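What you are looking at is a predicted structure, and each value in this text was computed from that prediction instead of being measured. Below, chain A is the first sequence line, B the second, and so on; all start at residue 1.
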Amino acid sequence: AQSVTQPDIHITVSEGASLELRCNYSYGATPYLFWYVQSPGQGLQLLLKYFSGDTLVQGIKGFEAEFKRSQSSFNLRKPSVHWSDAAEYFCAAYPTSGNEKLTFGTGTRLTIIP
Amino acid sequence: KAGVTQTPRYLIKTRGQQVTLSCSPISGHRSVSWYQQTPGQGLQFLFEYFSETQRNKGNFPGRFSGRQFSNSRSEMNVSTLELGDSALYLCASSVGQKNIQYFGAGTRLSVL
């Protein structure tokens with residue numbers, strides 16, 4: 001079955017430290033991949049997306065993600081986090097064959113400590 | 001360009017009632033998807049509409065239904081509300097084959 005896994009439920013980092021959030025997918029063929037962020041009580045905001053080509057993609061708010069086919073991973077990174085980055089982050093995948101649903105991981109809650 | 005608009009933002013209902021939520025997609029987007037988000041179950045796909053037709057459906061009981069109008073606006077309805085229906089309901093619109101979804105702020109439904 002198609003699935004997206006985010007192994008870390010909760011991550012705490014210090015302000016100014018680097019961040020990496022993990023995401024693994026299980027699909028027959030490489031899907032389109034997305035990262036979303038959700039602040040408390042709000043909807044999801046698209047951070048970045050990967051379709052094909054360059055495996056390092058840049059997004060908004062200083063985030064980037066690296067696609068690794070050999071590891072079926074699409075990890076999100078940020079060199080230096082800010083207190084405003086505290087939120088929940090969701091990885092999602094959509095099959096390239098189309099006409100199916102977008103599948104989300106269970107999310108990773110990010111806490112920033114001063 | 002205006003984003004996805006969901007109304008109302010908050011709703012309080014009692015068990016057994018029914019509720020209708022509304023979603024106005026981004027102009028030009030013909031696909032609208034609905035999700036239920038709860039602390040225990042996370043983000044669960046309800047259904048997707050494209051050009052007034054339901055294209056995909058999640059694993060929810062028949063009490064959950066939806067429709068899409070010719071202007072792409074969508075509504076979802078939940079009948080005979082249960083306490084477990086308390087959740088944040090999110091709507092997303094998309095365009096194109098890559099299905100880049102843009103989300104509204106959600107409707108917070110509380111069932112008492």
Side-chain angles (χ1 to χ4, degrees), chain A residues 1-10 21 23 25 27 29-53 57-60 65 67 74 87-110, chain B residues 2-7 9-10 21 23-26 29-51 53-60 66 86-110:
Chain A
Q2 299 170 338
S3 66
V4 176
T5 302
Q6 293 181 247
D8 304 305
I9 296 173
H10 185 203
L21 302 182
C23 172
Y25 62 89
Y27 278 71
T30 300
Y32 301 132
L33 295 162
F34 307 86
W35 274 99
Y36 287 86
V37 61
Q38 184 180 35
S39 297
Q42 298 298 313
L44 278 68
Q45 181 182 21
L46 180 66
L47 283 176
L48 46 77
K49 53 195 180 291
Y50 172 78
F51 298 141
S52 65
V57 294
Q58 302 297 320
I60 62 172
F67 168 70
F74 187 55
E88 187 141 23
Y89 292 79
F90 292 92
C91 181
Y94 185 75
T96 56
S97 55
N99 290 333
E100 296 194 38
K101 66 185 179 83
L102 183 67
T103 297
F104 285 89
T106 50
T108 297
R109 184 159 61 92
L110 175 65
Chain B
V4 178
T5 303
Q6 291 189 246
T7 56
R9 288 295 313 277
Y10 303 94
L21 313 182
C23 174
S24 293
I26 293 171
H29 287 196
R30 293 166 65 190
S31 172
V32 173
S33 298
W34 289 90
Y35 298 85
Q36 181 195 66
Q37 186 178 29
T38 58
Q41 299 298 318
L43 274 161
Q44 293 188 282
F45 172 76
L46 280 155
F47 28 66
E48 179 196 8
Y49 285 86
F50 179 79
S51 293
T53 301
Q54 188 179 85
R55 186 158 70 174
N56 285 297
K57 188 177 188 305
N59 188 26
F60 276 81
S86 295
L88 180 66
Y89 289 88
L90 293 166
C91 164
S93 73
S94 64
V95 64
Q97 190 248 343
K98 292 183 172 68
N99 197 32
I100 304 172
Q101 296 197 4
Y102 297 91
F103 284 79
T107 294
R108 171 74 62 185
L109 172 64
S110 298

Should the pair Tyr32(A) and Tyr94(A) be assigned to parallel (<30°), tilted (30 to 60°) or perpendicular (>60°) ring geometry?
parallel
Proximal component of Gln44(B), with respect to chain A [non-hydrogen, under 4.5 Å]
neither
Describe, in one word, how the ring planes of Tyr50(A) and Phe67(A) are oriented to each other, choosing from parallel (under 30°), tilted (30 to 60°) and perpendicular (over 60°).
parallel
So, do Trp35(A) and Gln45(A) sit near enough that their side-chain heavy atoms are less than 4.5 Å apart?
no
Do we get Arg55(B) above Phe50(B)'s six-membered ring, with its NZ or CZ under 6.0 Å from the centre and within 45° of the axis?
yes
At a 4.5 Å cut-off on heavy atoms, which part of Phe47(B) comes close to chain A: side chain, backbone, both, or neither?
neither
Which bit of Leu46(A) comes within less than 4.5 Å of chain B, counting heavy atoms only: side chain, backbone, both or neither?
side chain
Give, as side chain, backbone, both or neither, the part of Gln38(A) having an atom under 4.5 angstrom from any heavy atom of chain B.
side chain
